[in-house]
Number of protein chains: 2
Amino acid sequence: MNPARRIREEIAASIQSGEWRPGDRVPTEQELAARYGCARATVSKALGELAASGLVERRRKAGTFVAHPPVHSAVMTVPDLAELIAARGEAYRWELASLETADAGDDLAGPALRIEGVHMAAGEAFALERRFIALGEVPEAADADFARVAPGTWLLGHIPWTQARHVIRAVNPTRKEAALLTTGVGAACLELDRTTWRAGRVVTHVRQLFRGDRFDLVAEFNAGP
Amino acid sequence: MNPARRIREEIAASIQSGEWRPGDRVPTEQELAARYGCARATVSKALGELAASGLVERRRKAGTFVAHPPVHSAVMTVPDLAELIAARGEAYRWELASLETADAGDDLAGPALRIEGVHMAAGEAFALERRFIALGEVPEAADADFARVAPGTWLLGHIPWTQARHVIRAVNPTRKEAALLTTGVGAACLELDRTTWRAGRVVTHVRQLFRGDRFDLVAEFNAGP
DNA sequence: CCTCATATTATGTCTAGACATAATGGCGCA
DNA sequence: TGCGCCATTATGTCTAGACATAATATGAGG
């Protein structure tokens with residue numbers, strides 16, 4: 001076993017088991033180097049990685065300490081709907097409802113495509129989608145065939161490395177939305193709002209609406225290495 | 001500016017601007033070391049950090065490549081309700097409804113506390129909570145005063161470094177729940193289910209129910225260093 | 001032309017030492 | 001006693017070199 005990895009894992013285990021509690025002091029690099037019989041740089045690397053993963057906190061001169069756990073954070077994975085539905089073993093289809101060039105959404109500067117459509121799973125409506133794509137940021141979108149391919153899927157291959165912000169809420173559908181989702185206005189739906197930036201400018205904004213009884217989101221948190 | 005930091009930031013900028021596209025090859029450590037006039041170990045550290053943050057992918061012999069962006073992942077922060085409500089400038093209060101020792105929840109081994117109560121904001125019900133606490137894992141919980149302090153708040157100070165899994169869905173409340181939340185059974189509510197582990201064993205399981213028009217979750221994704 | 005062994009190469013890890021930096025604790029001075 | 005300065009100390013960063021490892025590219029043989 002790598003010395004660095006061994007140090008990392010042993011310290012992580014001490015923390016996760018509760019043996020070392022938040023705020024406790026971790027031995028100094030020198031002590032650990034002596035204990036594990038390796039160079040200080042190796043210990044430093046191991047501790048640096050633990051710090052990067054949030055398990056410990058390092059302060060010059062003061063030393064290394066077991067970090068206080070984050071209040072509650074977790075990594076949520078929002079799958080591509082085509083993949084999600086395929087993974088369920090159901091037939092996926094995208095149905096374009098409307099496509100037009102709108103001028104200026106809320107936070108989109110300049111002209112944008114406004115796309116509405118339905119994600120179908122096994123012949124039934126699975127999710128409604130309304131999307132804006134900033135043409136100033138993704139001019140190729142004007143030539144894409146959104147009747148054939150869902151805009152989300154198309155974008156995946158055309159906009160690398162963006163930032164995103166999701167807002168998740170429970171809403172009641174409008175009468176029209178309820179009809180499209182084959183449910184009633186009194187049935188809870190999950191709304192997912194995602195805004196995507198690149199270099200500080202909005203690339204796309206999408207609102208997806210799911211029937212509450214057909215979809216849920218999962219987020220996980222696993223500390224450490 | 002640090003050489004390591006400079007390398008990291010320049011490469012990250014090249015990727016985030018879209019100049020280097022997913023799959024593109026990043027110069028080798030030797031080339032970068034020569035270009036930046038530093039040791040290979042320094043370049044290696046910078047690239048290692050970029051790899052840890054997911055921006056590049058490294059394969060032995062093959063080289064370093066711009067990573068393909070994750071389908072869609074984001075970090076969600078689930079605030080402590082007491083803090084959330086206080087941050088809104090409203091008075092927070094926890095109202096215990098029932099507390100009993102139940103034997104075995106779904107995935108809890110052994111005896112557990114079963115706690116029900118309401119989180120109040122400005123005198124109105126903000127969220128319903130039903131929680132199990134595994135007494136085998138947190139025996140001190142038996143002595144805590146859950147009439148005075150909300151179990152979530154209490155646990156924050158008593159169980160360091162756990163893993164967690166959240167399931168988020170939109171549901172309709174039961175008649176009883178609707179009454180407690182002063183709303184109707186046709187009003188969409190957000191349900192948050194959180195299971196918390198330590199060392200592979202369930203510590204606590206909580207279900208929180210929010211009025212859809214009063215609460216939403218936010219998740220963000222920011223790539224890079 | 002295909003397959004398998006081998007040489008090459010880029011990353012992975014480590015060392016021993018050096019200097020930088022920042023924060024703390026204590027010492028000296030007022 | 002109280003304040004501010006300074007030495008100490010732990011981390012932060014870097015170097016030059018070494019060896020390990022794994023995957024690709026190449027060449028030999030079938």
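To find a chain, count down the sequence lines: A is the first, B the second, and so on, and within it residues start at 1. Since the structure is predicted, the reported quantities are computational estimates derived from the model, not experimental observations.
Residue-level contact check: A/R25 touches the backbone only, with heavy atoms under 4.0 Å from sugar-phosphate atoms and none from bases.
Whole-Å rounding puts the B/R5 CZ to D/dC14 P distance at 11 Å. Regarding A/K45, its NZ atom lies at a distance of 24 Å from the P atom of D/dA10, rounded to whole Å. Whole-Å rounding puts the B/F65 CZ to C/dT11 P distance at 9 Å.
Here B/F221 pairs with nothing under the ring pair (Phe, Tyr, Trp, His ring centres under 6.0 Å) rule; sequence neighbours left out. Partners of B/R35 according to the side-chain hydrogen bond (donor to acceptor under 3.5 Å, both in side chains) rule, which considers only residues two or more places apart in sequence or in another chain, do not exist here.
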Distances under 3.5 Å between protein N/O atoms and the N/O atoms of nucleotides 15-23 of chain C, please, pair by pair.
unit_1 : atom_1 : unit_2 : atom_2 : d
C/dT15 : OP2    : A/A39  : N      : 2.8
C/dT15 : OP2    : A/T42  : OG1    : 2.4
C/dA18 : N6     : A/R40  : NH2    : 3.2
C/dT21 : O3'    : A/R60  : NH1    : 3.1

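Contact annotation: A/R58 side-chain N/O to D/dA10 OP1/OP2 distance is not under 4.0 Å. The phosphate of C/dT11 (OP1 or OP2) has a side-chain N or O of B/T64 nearer than 4.0 angstrom.
In this structure, B/R114 places its CZ atom where more than 12 heavy-atom neighbours from other residues, nucleotides or ligands lie under 6.0 Å away. Around the CD atom of A/Q30, the shell of radius 6.0 Å holds no more than 12 heavy atoms that belong to other residues, nucleotides or ligands.
Applying the ring-ring contact (aromatic ring centres under 6.0 Å, His included) definition to pairs two or more places apart or across chains, those involving residues 63-96 of chain A are A/Y92-A/H119, A/W94-A/H119. Listed by first and then second residue, the side-chain hydrogen bond (donor to acceptor under 3.5 Å, both in side chains) pairs involving residues 134-143 of chain B are B/E137-B/R201 (not counting sequence neighbours).
Of all the residues in residues 28-35 of chain A, A/T28, A/E29 reach under 4.0 Å from DNA chain D with at least one non-hydrogen atom.
For the pair B/W197/B/V202, a side-chain contact is recorded, criterion being any heavy-atom separation below 4.5 Å from C-beta on.
By the 30° and 60° cut-offs, the orientation of the rings of A/F132 relative to A/H205 is tilted.
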